[in-house]
Protein chains: 2
Amino acid sequence: MPPDLPAHETGSAAIARQLGTSIIRGVHAPGSTLPGELDLAIQFGASRNLVREAIKTLAGKGLVLSRKKAGTRVRPRADWQMLDPDLLGWRLQAGPEFDFATNLLALREAIEPAAAAAAARHQDRAAIDAVREAFERMVAAGTDRARFAEPDLQFHKAILAASGNEFMMAFGGMIEAALAAFIGISLRHSEAPGPSIPMHGTVLDAIAAADPEAASAAMLALLARTRTNIEKDATR
Amino acid sequence: MPPDLPAHETGSAAIARQLGTSIIRGVHAPGSTLPGELDLAIQFGASRNLVREAIKTLAGKGLVLSRKKAGTRVRPRADWQMLDPDLLGWRLQAGPEFDFATNLLALREAIEPAAAAAAARHQDRAAIDAVREAFERMVAAGTDRARFAEPDLQFHKAILAASGNEFMMAFGGMIEAALAAFIGISLRHSEAPGPSIPMHGTVLDAIAAADPEAASAAMLALLARTRTNIEKDATR
DNA sequence: GCTTGATTTTATGTCCGACATAATCGATTA
DNA sequence: TAATCGATTATGTCGGACATAAAATCAAGC
């Protein structure tokens, strides 16, 4: 049985996580061949079948490719499914990366304003209620950073969900995986969240008012503030 | 050995694809429990190990969750990793879906202008050369739709790659999976591609000129034209 | 010494049966 | 009616075996 087993993580999931993290860290470089299945089984103290299941998981995320006799090869980084929440989590577990936060923010700046605009057009009442509920919990959290982070994340996820676009909704899982790892880091450095709350309210109001342009602009302004905070953190 | 085995598709990959497609089609509804591993092995004429490998692949893409005794349950649609290229391909294989094309286009309208702007800022010469090369192949294809589609896709992928943002690059695989399935369908209906070529050239010129706003606007205009074509197709 | 074809080796692909165990279900008891 | 207990069951994990595609090696011919 592999060690270090979080709740409900099966043996093959643990091996996939450890192998995935090793690949991301460069322990196994793109183009290189992983140790054979039997060697990996010995290394992880598991059966060859568990290793194979783990490798299938990594293959499904674009990290590796197996061929008879040829072995299991690490694919070029461009083939990795960077949007996969598991892979994202492994990247964050592997350690800080140059430009990770700014690249993620650039993606968010592209998608979340569009999602806010789509939500303003879509007018799904229940979904907008969920945005409002998250906003109210942010207000209730006040300047308590630890209590603020979770409703903040829910706020953004709720807007993605309210867009009515399943592709935009999918970013919720990705952003959640990324921010979950960031929370522990950024809570120490970020300023108090209080001042950004009204900006969140502006986004909500624009969505509720069915004003796509205002919703998009408000979300862009909010994320610009996040960018300022990230850049400020980077210079400390 | 499972039947219907495309080149280089292993048995477990074939089972994953067939099971994934069944789930997407609603044959196995979210919340329901899949047949047991032994039953699936009989159904697919394969070993229990192959079925388990396939299920691990699906689990890694958010489609299912297995627990001892409880069985393998289909997760809510919101948990599916909609951005996964394999899942995207299975969705397209499962059959036409309401709003698929317009949702994908809305996502592209959010990301590709941002990628074009980022490419204009990033100024990676080799990457811009790849954009130019794809553009020249589009020009060479002229009004031959069949020859046009592939360089058109490469053009968009090259811009995503030129952005320098790994998350934006990741859309290349996704768009490729989506458009690969669309090509067979849309080639019959789309107008000749010739008139859009200059618009592609405008995007390239703006990127080469290091003009992010012009690049973004040009890409948005190009995608607006795609939207017009999709809406035209929808009314036939 | 190089090229080509044959042979051998090897690592994955697939299978089968077995055992462990977590979770579900039904019966019993308080 | 609720809690407990035992049986059942489906997944989790293991080990060994065989098939086979592909890589490596070897031999023959030029």
Side-chain angles (χ1 to χ4, degrees), chain A residues 1-20 22-23 28 31-75 79 86, chain B residues 1-20 22-23 28 31-75 79 86:
Chain A
M1 173 66 69
D4 190 22
L5 192 58
H8 287 142
E9 187 181 54
T10 62
S12 72
I15 295 171
R17 173 174 54 79
Q18 293 172 55
L19 262 183
S22 290
I23 290 170
H28 306 291
S32 71
T33 305
L34 292 184
E37 293 174 354
L38 289 171
D39 291 326
L40 288 171
I42 295 169
Q43 176 184 323
F44 287 107
S47 73
R48 188 182 157 219
N49 283 354
L50 269 206
V51 168
R52 286 186 57 79
E53 286 184 8
I55 289 177
K56 292 300 179 188
T57 298
L58 297 182
K61 297 176 190 288
L63 282 162
V64 299
L65 180 70
S66 298
R67 284 281 188 271
K68 276 174 185 169
K69 177 64 169 108
T72 301
R73 193 168 291 262
V74 180
R75 296 176 72 176
D79 292 339
D86 285 335
Chain B
M1 173 66 72
D4 191 20
L5 190 58
H8 286 142
E9 188 182 54
T10 62
S12 72
I15 295 173
R17 173 173 53 79
Q18 293 171 56
L19 263 182
S22 290
I23 290 169
H28 306 292
S32 71
T33 305
L34 292 184
E37 292 173 355
L38 288 173
D39 290 327
L40 289 170
I42 294 168
Q43 177 185 322
F44 287 106
S47 74
R48 188 181 156 219
N49 284 356
L50 268 208
V51 168
R52 286 186 57 79
E53 288 184 6
I55 290 178
K56 292 301 179 188
T57 299
L58 297 181
K61 297 175 190 289
L63 282 162
V64 300
L65 180 71
S66 296
R67 286 279 189 273
K68 278 174 186 171
K69 176 62 169 113
T72 301
R73 192 169 291 263
V74 181
R75 295 176 74 177
D79 292 338
D86 285 335

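Reminder, nothing fancy here: chain letters follow the sequence lines and each chain counts from 1.
Using a 4.0 Å cut-off, some side-chain N or O of Thr72(A) falls inside it from OP1 or OP2 of dT12(C). Taking 4.0 angstrom as the limit, Arg52(B) places a side-chain polar atom (N or O) nearer than this to OP1 or OP2 of dG12(D).
Applying the side-chain contact (heavy atoms from CB on, under 4.5 Å) rule to Thr57(A) yields the partners Ala16(A), Lys61(A), Lys56(B); only residues at least two apart in sequence or on another chain are considered. Leu65(B) is linked by a side-chain contact (heavy atoms from CB on, under 4.5 Å) to Arg67(B), Arg75(B), counting only residues two or more places apart in sequence or in another chain. Qualifying side-chain contact (heavy atoms from CB on, under 4.5 Å) partners for Ala59(A), counting only residues two or more places apart in sequence or in other chains: Val64(A).
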Side-chain polar contacts of residues 44-53 of chain B - donor-acceptor pairs under 3.5 angstrom, sequence neighbours left out - could you list them?
unit_1	atom_1	unit_2	atom_2	d
Ser47(B)	OG	Asn49(B)	N	3.4
Ser47(B)	OG	Leu50(B)	N	3.2
Arg48(B)	NE	Glu37(B)	OE1	2.6
Arg48(B)	NH2	Glu37(B)	OE1	2.8
Arg52(B)	NE	Glu53(A)	OE2	2.9
Arg52(B)	NH1	Glu37(B)	OE1	3.3
Arg52(B)	NH1	Glu37(B)	OE2	2.6
Glu53(B)	OE1	Ser12(B)	OG	3.4
Glu53(B)	OE2	Arg52(A)	NE	2.9

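Here the closest heavy-atom approach between residue Thr33(A) and residue Gly71(A) is recorded as CG2-CA, 4.2 Å. Ala54(A) and Ile15(A) make their closest contact through CB-CG2, 3.6 Å (heavy atoms, listed as atom of the first residue, atom of the second, distance).
The distance between atom CG of Leu65(B) and atom C1' of dT11(D), rounded to the nearest whole Å, is 12 Å. Following rounding to the nearest Å, Asn49(A) (CG) and dG13(C) (P) show an atom-to-atom distance of 12 Å. The CD1 atom of Ile42(B) sits 12 Å away from the P atom of dA10(D) (whole-angstrom rounding). Whole-Å rounding puts the Leu38(B) CG to dA18(C) C1' distance at 12 Å. For Ile55(A) and dA11(C), the CD1 to P distance is 13 Å, given to the nearest whole Å. Atoms CD (Glu53(A)) and C1' (dT14(C)) sit 13 Å apart, rounded to a whole Å. Note: CZ (Phe44(A)) to C1' (dT13(D)) measures 16 Å, nearest angstrom. Counting to the nearest Å, the P atom of dT12(C) and the CD atom of Glu9(B) are 20 Å from each other.
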With the sugar-phosphate defined as primed atoms, P, OP1 and OP2, and the base as all remaining atoms, what B/S/- string results for nucleotides 17-24 of chain D, 5' to 3', for protein heavy atoms under 4.0 Å?
B--BBBB-
